[in-house]
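Input: a single structure, listed below in structure tokens.
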Amino acid sequence: MHKTYTPFVSAYLRFLQLAKVVQALPDGQEMDANEQALLESVVLRWYENQPMTVREAISLAALGSPATLHKRITRLREKDMLSTLNLEGDKRAKFLIPTQRTLDFFQHLGQSMQQANTNLPA
């Protein structure tokens, strides 16, 4: 069977291939899709200069129940993908922030996107 793809379909499929390679963390650990969705939500808020609190993260009903989300946060912290930060003078609110390991992970994903994009026609 002969397959014909548009350049954009080919670019996206190449990106998926490359992204799959970098999904595994350097020490062989992996994140499941649910952990990655939570991580992306947290990091996007951090990127927008509105870091998410643990309380806000466990209330993301579209991503799971509060207990499930709390477990995912714990796993992401154990994998050194998230850390917490307390504001000076307020020990109640814990903000979730990405670690350098998370930023490196997104760096690899961004490089994969760029690599997939290099073969697109102008």
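On a predicted model such as this, the values are computed, not experimentally measured, just so you know.
Here the CG-CG distance, from Leu82 to Leu76, works out to 5.0 Å after rounding to the nearest 0.5 Å. Here the CG atom belonging to Leu103 is positioned 4.5 Å from the CH2 atom belonging to Trp46, to the nearest 0.5 angstrom.
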Exercise for the section: Test side chain to side chain contact (heavy atoms under 4.5 Å, CB included) on Phe105 and Gln36 and set out the steps. Expected result: CA-CA 11 Å; Phe105 175 72; Gln36 187 165 344; 4.3 Å; yes
Exercise for the section: Give the C-alpha distance, both sets of side-chain angles, the deciding distance and a yes or no for side chain to side chain contact (heavy atoms under 4.5 Å, CB included) between Leu96 and Ile73. Expected result: CA-CA 9 Å; Leu96 295 167; Ile73 291 168; 4.0 Å; yes
Practice task
Let me see the working for Thr84 and Ile97 under side chain to side chain contact (heavy atoms under 4.5 Å, CB included), right down to the final yes or no.
Solution key: CA-CA 6 Å; Thr84 57; Ile97 57 171; over 6 Å; no
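Nearest heavy atom pair, residue Pro98 against residue Val43, reads CB-CG2, 3.8 Å. Taking each heavy atom of Leu69 and Ala57 in turn, the nearest pair found is CD1-O, 3.4 Å. For the pair Leu63 and Ser41, the tightest heavy-atom approach, listed with the atom from each and the gap, is CD1-OG, 3.8 Å. Between Lys79 and Met31 the shortest heavy-atom distance is NZ-CA, 3.9 Å.
Looking only at atom types and distance, the side chain of Gln100 has a donor-acceptor partner in the side chain of Asp104 under 3.5 Å away.
With respect to Val42, the side-chain contact (heavy atoms from CB on, under 4.5 Å) criterion is satisfied by exactly one of Met81, Met52, Glu56: Met52. For the side-chain contact (heavy atoms from CB on, under 4.5 Å) with Thr74, the qualifying choice from Arg72, His70, Arg77 is His70, the only one to do so.
You'll find the side chain of Leu85 stays beyond 4.5 Å of the side chain of Lys94, heavy atoms only. In this structure the side chain of Glu35 reaches within 4.5 angstrom of the side chain of Asp32, judged on heavy atoms.
At distances below 3.5 Å, not a single donor-acceptor pair connects side-chain atoms of Glu40 with backbone N or O atoms of Ala37.
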